[in-house]
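Here is the naming used below: chain letters follow the sequence lines, and residue numbers restart at 1 for every chain.
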Protein chains: 2
Amino acid sequence: MNQKNDVCRHRLMIARDTLEVIQGKWRLPIIISLNHGNKRFGEIQRDITDISPKMLSQELKALETNKIITRTLYDSMPVTVEYSLTPLGESMRKLLDEILNWGIHFRKEILETSIDN
Amino acid sequence: MNQKNDVCRHRLMIARDTLEVIQGKWRLPIIISLNHGNKRFGEIQRDITDISPKMLSQELKALETNKIITRTLYDSMPVTVEYSLTPLGESMRKLLDEILNWGIHFRKEILETSIDN
DNA sequence: TATACTAGTTACCTCTTAGTAAGTAGTTAC
DNA sequence: GTAACTACTTACTAAGAGGTAACTAGTATA
């Protein structure tokens, strides 16, 4: 039974790497938004309606240091900034799909089993 | 461009359902641990070495109310309690796999690209 | 009688996360 | 000159997530 347990503990360690990147209220929403195309600061804000500029700015920086997204400044007037997924960010697509798939499944299950509400 | 944006916003709403269930430091680790077989309180604690009994108890309750896990009490001596995944909890297997897959990919990328450290 | 096992609970404290509101800077249009 | 657009930043505050340590309860063993 010790070998089985080592496999479990190893997986728990790997999961922590992923969790450190996606943990928090806003990181996955930002990644999902950018998964639908490169976007400017204001466009992301309009997708995620209840995020404040402070949190968006802060989380974009965190995702940039984790090499998930890239910031590109365009010298237009007024200045525009475009955010896009890096290849590493794009490699999360399957993970995002599973989050969405399970979310749909979860909602269906919850609605089916609860006659109340 | 409005249709594309509506799809994006809809996905963001679905993602929130999933995030509400898995958000936090300990929920996914607990689910991963139980994905490797039914376990007792103490066994989960031994898998996730740095979780405190308070947090484990608290998060197990949250997962139970979300119908992800089940608590079964055995009237042995001393009393033992077994936690197991519900069908809904088991339906997260694909999602867990993607979290692990991406964690492995992320670690490989980080080690490859950073010559420092 | 004291220790150990099971599975937790409780009180208190700290630290991080997130929210609010206002301000900044550069350019353009009225 | 004033408002509006871009993309933020800053300071202050509130909430809650999580950590620590000690305690509970029931049974069994030395």
If we check side chain to side chain contact (heavy atoms under 4.5 Å, CB included) with Trp26(B), which of these qualifies: Leu56(B), Ile48(B), Ile44(B), Ile31(B)?
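Only one option passes, and that is Ile48(B).
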Can you pull out the residues from residues 33-66 of chain A that lie within a 4.0 Å heavy-atom distance of DNA chain D?
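By residue number: Arg40(A), Phe41(A), Gly42(A), Pro53(A), Lys54(A), Ser57(A), Lys61(A).
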Is it possible for you to say whether [X] and [Y] belong to one hydrophobic cluster, with membership spreading through side-chain heavy-atom contacts below 4.5 Å?
{"X": "Leu85(B)", "Y": "Leu96(B)", "result": "yes"}
{"X": "Leu100(B)", "Y": "Met92(B)", "result": "no"}
{"X": "Ile69(A)", "Y": "Val81(A)", "result": "yes"}
{"X": "Met55(B)", "Y": "Val21(B)", "result": "yes"}

Boundaries of the chain B footprint along DNA chain D (any atom under 4.0 Å from a heavy atom)
dG18(D) to dA28(D)
Specify the separation, in whole Å, of atom CG of Leu73(B) and atom C1' of dG8(C).
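After rounding, the reported distance stands at 11 Å.
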When rounded to the nearest 0.5 angstrom, what distance separates CD in Glu43(A) from SG in Cys8(B)?
10.5 Å
Over all heavy atoms of both residues, which pair between Leu88(B) and Phe106(A) is shortest? Give the atoms and the distance, please.
CD2-CD1, 3.8 Å
Please indicate whether Arg107(B) has more than 12 foreign heavy atoms, meaning atoms of other residues, nucleotides or ligands, lying under 6.0 Å from its CZ.
no
Would you mind classifying the nucleic acid contact of Tyr74(B) as base, sugar-phosphate or nothing, using non-hydrogen atoms under 4.0 angstrom?
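It contacts nothing in the nucleic acid.
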On DNA chain C, more 5' by nearest nucleotide between Gln23(A) and Pro78(A) is Gln23(A)
The Watson-Crick or G-U wobble partner of dC30(C), with both key distances under 3.5 Å, is dG1(D)
